[in-house]
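These notes concern the structure reproduced below.
Please read all numbers here as calculations on a predicted model, not as lab measurements.
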Amino acid sequence: MKKKLVKTVVLILIALSLTGDALAQTTRIRFARGRTSTTVSGSVAGNDFRQYVLGARRGQYLSANVSSRNGCVLFTQGSTSLGFTTDTGDNYITLNNTCGRTVSYTMTVSITY
C-alpha cells in the first residue's frame with residue numbers, strides 16, 4: 001500500500017513539473033488602455049517555441065507579424081505573418097524557432113473590431 005501511494009505521489013509531482021514548464025513558456029499580451037496594438041520582444045531557444053495568449057471578444061480580427069535574424073522565428077503556420085478571427089476569451093499565438101540556436105525576435109500584434 002505504501003509503495004502504491006509513493007508511486008502515485010511521484011507521478012503527480014512529475015505531472016505538475018511538466019505542466020509548470022509549459023505554463024512558464026506562455027506570456028499574456030495586454031494592450032495599453034485605448035490601444036489596439038502592441039509590440040513585444042524576446043528570445044526563444046533553438047528548435048523550441050514560445051506561446052502568447054491574449055483575451056478578445058468573438059469576431060474581432062487579430063493580426064500579427066514577427067521578425068527575427070535570418071527568419072528563424074515563425075508562427076506555427078510557417079510564416080512571419082498571421083491573421084484570424086478571434087473567439088471569446090483566450091486566443092493563443094505560438095512562435096517556433098526553426099534554427100538550432102537561440103534567436104531574438106520582435107512581434108507586433110493588433111486587434112480590430
Single-linkage hydrophobic cluster, 4.5 Å side-chain cutoff, Leu62 and Leu74 together | no

Interatomic distance, OG@Ser81 vs CZ@Phe75, rounded to 0.5 Å, equals 7.5 Å

hydrophobic_cluster_shared for Phe84 and Leu95, side chain cutoff 4.5 Å | yes

Any side-chain heavy atom of Phe49 within less than 4.5 Å of one from Thr76?
-> no

To the nearest 0.5 Å, tell me how far Gln51 CD sits from Tyr92 OH.
-> 6.5 Å

N/O donor-acceptor pair under 3.5 Å between Asn96 side chain and Thr98 backbone = no

Please round to the nearest 0.5 Å and tell me the distance separating atom OG1 of Thr85 and atom OH of Tyr61.
-> 7.0 Å

Atom pairs and distances, side-chain donor-acceptor, residues 30-43, under 3.5 Å, sequence neighbours left out:
residue, atom, partner, partner atom, Å
Thr39, OG1, Thr108, OG1, 3.1
Ser41, OG, Thr106, OG1, 3.4

Check: residues 63-72 side-chain donor-acceptor pairs under 3.5 Å, at least two apart:
residue, atom, partner, partner atom, Å
Ser68, OG, Cys72, N, 3.1
Ser68, OG, Val73, N, 2.9

Hphob cluster co-occupancy, Leu82 + Met107, side-chain heavy atoms under 4.5 angstrom | yes

Closest non-hydrogen atoms of Arg50 and Val44, given as atom of the first, atom of the second and distance, are N-CG2, 4.1 Å

Shortest non-hydrogen separation from Asp90 to Val53 and the atoms involved = CB-CG2, 3.5 Å

Side-chain donor/acceptor of Asn47 to backbone N/O of Ala45, under 3.5 Å = no

Partners passing side chain to side chain contact (heavy atoms under 4.5 Å, CB included) against Gln60 (at least two apart in sequence or in another chain) = Ala56, Arg57, Thr86, Ile111, Tyr113

Would you check if the side chain of Asn97 reaches a backbone N or O of Arg101 as a donor-acceptor pair within less than 3.5 Å?
-> yes

